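Everything quoted here is computed from the prediction, not taken from an experiment. Within every chain, numbering begins at 1; the chains are lettered A, B, ... in the order of the sequence lines, protein sequences first and strands thereafter. The figures here come from the full heavy-atom set of this structure, side chains too, leaving out hydrogens, waters and symmetry mates.
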Amino acid sequence: MNFGEFVKHEPLMLNEVQSILNQIKTDQTNENQVTNPNKEEILNKTLRYVKRFSRFQDKETISGIKVEFQELDPIELTILANLFPEDVDEAKVLIPSLAEKYSDEEITDFIERLHKYDN
Amino acid sequence: MNLRLHPRFFGPRIREIIREKVDSVVEGSCDPTYGFIISVVEIISIGNGLLDDETGFAKFPIKYKALVFNPFQFEVLDAVVISVNETGILTEVGPLVIFISKQSIPEEMKYDGESTPPCYKNADESEKIMNECEIRLQIIGLHPSKV
């Protein structure tokens with residue numbers, strides 16, 4: 001699976017994006033910034049989206065996940081956390097590169113460990 | 001990126017003006033390589049400006065860090081349905097609009113324009129897709145268009 005140019009950059013989980021956007025909105029209000037309407041629209045649409053689909057509620061959970069799953073490629077981990085597959089078959093369809101690198105037992109183990117973080 | 005600056009901005013506030021200009025030019029845009037540029041997070045460096053002796057504008061190479069949304073082919077995403085008709089389903093993933101044509105929708109889901117609201121549903125009506133539904137889809141093709 002080709003992740004494209006994106007490989008050079010840092011992938012973010014939906015929750016992390018939500019924190020960043022909330023901070024940006026707060027800064028905007030505090031500094032009374034004038035922004036262009038295009039930016040406002042994209043910012044608001046993105047914020048609505050991440051609020052709707054964010055799963056993990058706090059920063060400690062996200063750090064915990066990142067520390068625990070260091071063996072995984074950051075992009076694969078981010079997609080796993082964002083899409084949250086229920087079982088190994090779903091995970092293999094969603095992230096084909098996992099199937100190439102890990103056995104079914106290993107993937108099941110990732111999923112079980114990840115599900116423990118969902119409260 | 002390279003930023004072109006009119007001479008009227010040359011002065012003590014030039015760095016601040018450059019920052020504002022980068023924000024206004026780049027934020028909210030859609031770049032073919034990097035996707036939607038949602039917000040400039042940090043200006044890493046502003047290089048030395050080079051004067052264009054014909055126009056008087058100065059060109060500054062700028063390095064910045066930004067929050068982007070960069071969808072890629074075959075990516076699987078959760079999307080929100082915004083409209084449904086006989087040709088397919090229109091969905092949104094934040095700023096990205098994704099159209100699912102009828103050919104890409106499972107056969108058992110049929111369009112029902114008579115129902116209120118219009119929706120795609122299967123034979124026993126146990127599954128319905130209508131506005132505001134959340135569906136998981138896979139991107140099969142991408143093309144940038146003006147925002």
* Joint hydrophobic cluster, A:F110 plus B:V76, side-chain heavy atoms closer than 4.5 Å ->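 Yes, A:F110 and B:V76 fall within the same hydrophobic cluster.
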* Does B:M1 belong to the same Ile/Leu/Val/Met/Phe/Trp/Tyr cluster as B:I37, with side-chain heavy atoms less than 4.5 Å apart forming each link? ->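 Linked within one cluster.
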Heavy-atom neighbours of [X] [atom1] exceed 12 at 6.0 Å:
X	atom1	answer
B:E107	CD	no
A:K92	NZ	yes
B:D124	CG	yes
B:K65	NZ	no
B:L51	CG	yes
B:K59	NZ	no

As an exercise, state the distance from [atom1] of [X] to [atom2] of [Y], rounded to the nearest 0.5 Å.
X	Y	atom1	atom2	answer
B:I38	A:N44	CD1	CG	11.5 Å
B:S39	A:I42	OG	CD1	11.0 Å
A:K45	B:F36	NZ	CZ	8.5 Å
B:E75	A:I75	CD	CD1	9.5 Å

* Asked: Under a 4.5 Å heavy-atom cut-off, does chain B meet the side chain of A:I20, its backbone, both or neither?
  ->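 Side chain only.
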* Asked: chain B heavy atoms under 4.5 Å from A:L47: which part of the residue, side chain, backbone, both or neither?
  ->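 It is neither, since no heavy atom gets under 4.5 Å.
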* Can a salt bridge be assigned to the pair B:E92 and A:R48 using a cut-off of 4.0 Å between side-chain N and carboxylate O? ->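 Judged by the 4.0 Å cut-off on N to carboxylate O distance, B:E92 and A:R48 do not form a salt bridge.
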* Heavy-atom pair of closest approach, residues A:R52 and B:E132 -> NH2-O, 2.8 Å
* Asked: Can B:L67 and A:L21 be said to form a side chain to side chain contact (heavy atoms under 4.5 Å, CB included), step by step?
  -> CA-CA 9 Å; B:L67 178 67; A:L21 290 180; 3.7 Å; yes
* To do: Would you check if the side chain of A:Y49 reaches a backbone N or O of B:D78 as a donor-acceptor pair within less than 3.5 Å?
  =>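 Here the side-chain-to-backbone pair exists.
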* Asked: What part of B:V93 gets closer than 4.5 Å to chain A, counting heavy atoms only: side chain, backbone, both or neither?
  ->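 Looking at B:V93, backbone and side chain both touch chain A.
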* Structure fact -> Note: vs chain B, highest number of non-hydrogen pairs under 4.5 angstrom among A:T46, A:L83, A:N82 is A:L83
